*Asks:* 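Attaching a single structure in structure tokens format; questions to follow.
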Amino acid sequence: MPLTLAAPVHSELIIKKSRFIGCVQPMADRAGAQKVVAELWAQHPGARHVCWALLAGGQSAAVDDGEPSGTAGRPMLEVLRHQDLEGVLATVVRYFGGVKLGAGGLVRAYTDAVAQALLQAEKVPIVRLATLRCAVPYALEGLLRRELDGAGAKLQRVTHGDAVELCFSLPEDAAAALQTRLSEAGQGRIVWLEATPGPD
């Protein structure tokens, strides 16, 4: 099962006078990653490089930011891959200390900065959500809301028309059981509709 991180975690290494400030954090997409990198440049105007790696499905990236090709972004990405992570951004800010590390030294430094941060990070399973939508008579709205609350489902939308239409999400592996329980409790008066993705 793929894992993501509960919260950002930082590390710091000094190698031959160069300072490497690593961070690993949950990240959904490339746009969010680029925003974080821009913020790091604003926070560290004296830094020489801000290298980063993102593992987020089809939006993964490995950026060397001026370091020799393949010595920063790709090694950082490999560390994330080896830990079976998904939806994670790794960044390393480097302040150059005047001593060149060579290609092997750079790979080790960037790998270690990410690995050190991951040692302290809390990893959590990625829970895939299912979205369900149904229409119920007004008399059943209270019952349905109590059932959803008890199942830990998240109510996304409620529309009051001829009937009450509810759209909610819950972990995929619990969806079928809840649907069966609700259908039984509603004695056939719950109409299941096709779930349409709504605005977040």
Side-chain angles (χ1 to χ4, degrees), residues 1-13 20-45 47 49-67 69-94 110-133 148-149 151-158 166-176 178-179 193-200:
M1 176 183 285
L3 302 167
T4 191
L5 303 180
V9 180
H10 296 83
S11 69
E12 191 167 325
L13 303 172
F20 294 85
I21 305 163
C23 179
V24 290
Q25 62 193 319
M27 185 61 55
D29 56 31
R30 200 180 181 109
Q34 287 167 325
K35 189 171 165 238
V36 168
V37 171
E39 287 164 4
L40 285 172
W41 274 118
Q43 291 164 17
H44 300 277
H49 306 281
V50 177
C51 302
W52 57 282
L54 173 69
L55 202 53
Q59 298 191 42
S60 297
V63 178
D64 293 320
D65 189 43
E67 291 283 30
S69 180
T71 60
R74 190 165 302 283
M76 292 162 65
L77 189 63
E78 286 308 309
V79 176
L80 299 180
R81 279 202 178 114
H82 282 301
Q83 304 240 358
D84 198 19
L85 293 168
E86 176 62 35
V88 175
L89 170 67
T91 54
V92 178
V93 175
R94 181 187 183 192
Y110 282 102
T111 299
D112 288 352
V114 174
Q116 290 293 323
L118 283 172
L119 283 175
Q120 309 157 59
E122 182 190 348
K123 295 171 188 136
V124 291
I126 293 175
V127 178
R128 306 253 180 243
L129 295 178
T131 301
L132 300 174
R133 205 169 130 238
L148 295 181
D149 201 39
K154 184 177 167 210
L155 203 51
Q156 293 172 329
R157 281 190 312 283
V158 179
L166 299 102
C167 182
F168 54 93
S169 61
L170 72 162
E172 254 176 21
D173 56 4
L178 178 65
Q179 209 169 354
L193 308 165
E194 191 173 326
T196 50
D200 287 334

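Note that the structure is a prediction, hence the values are computed from the model and not measured. All residue numbers refer to positions in the sequence shown, counting from 1.
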*Asks:* Verify side chain to side chain contact (heavy atoms under 4.5 Å, CB included) between E86 and T4, making sure each step is shown before the conclusion.
*Replies:* CA-CA 5 Å; E86 176 62 35; T4 191; 5.8 Å; no
*Asks:* If you look at every heavy atom in A47 and V93, which pair is closest and at what distance?
*Replies:*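 Looking at all heavy atoms of both residues, the shortest contact is CB-CG1, 3.5 Å.
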*Asks:* Output, in order, the C-alpha distance, side-chain angles, deciding distance and verdict of side chain to side chain contact (heavy atoms under 4.5 Å, CB included) for Q156 and S169.
*Replies:* CA-CA 7 Å; Q156 293 172 329; S169 61; 3.5 Å; yes
*Asks:* In Å, rounded to the nearest 0.5 Å, how long is the span from CD of E194 to OG1 of T131?
*Replies:*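 Answer for the CD-OG1 pair, E194 versus T131, is 12.0 Å.
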*Asks:* Kindly compute the distance separating CG (L54) from OG1 (T91), expressed to the nearest 0.5 Å.
*Replies:*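 Here the interatomic distance stands at 11.0 Å.
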*Asks:* To the nearest 0.5 Å, what is the distance between NZ (K123) and CG (L118)?
*Replies:*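 If we round to the nearest 0.5 Å, K123:NZ and L118:CG are 5.5 Å apart.
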*Asks:* Sub-3.5 Å donor-acceptor pair from the side chain of Q59 to the main-chain atoms of R30, do we have one?
*Replies:*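 Checked: pair present.
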*Asks:* For the backbone of H49 and the side chain of D65, can you confirm whether one donor and one acceptor N or O come within less than 3.5 Å of each other?
*Replies:*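 Not a single qualifying donor-acceptor pair exists.
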*Asks:* Side chain to side chain contact (heavy atoms under 4.5 Å, CB included) for L3 and V88? Distances and angles first, verdict last.
*Replies:* CA-CA 9 Å; L3 302 167; V88 175; over 6 Å; no
*Asks:* Mind checking the NZ-CE spacing from K35 to M27? Nearest 0.5 Å is all I need.
*Replies:*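 CE of M27 is found 8.5 Å from NZ of K35.
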*Asks:* Hey, what do you get for CD (Q83) to CG (L55), rounding to the nearest 0.5 Å?
*Replies:*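 It is 11.0 Å, given to the nearest 0.5 Å.
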*Asks:* Measuring from atom CG of D64 to atom CH2 of W52, what distance do you get when rounded to the nearest 0.5 angstrom?
*Replies:*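 D64 CG to W52 CH2: 11.5 Å, rounded to 0.5 Å.
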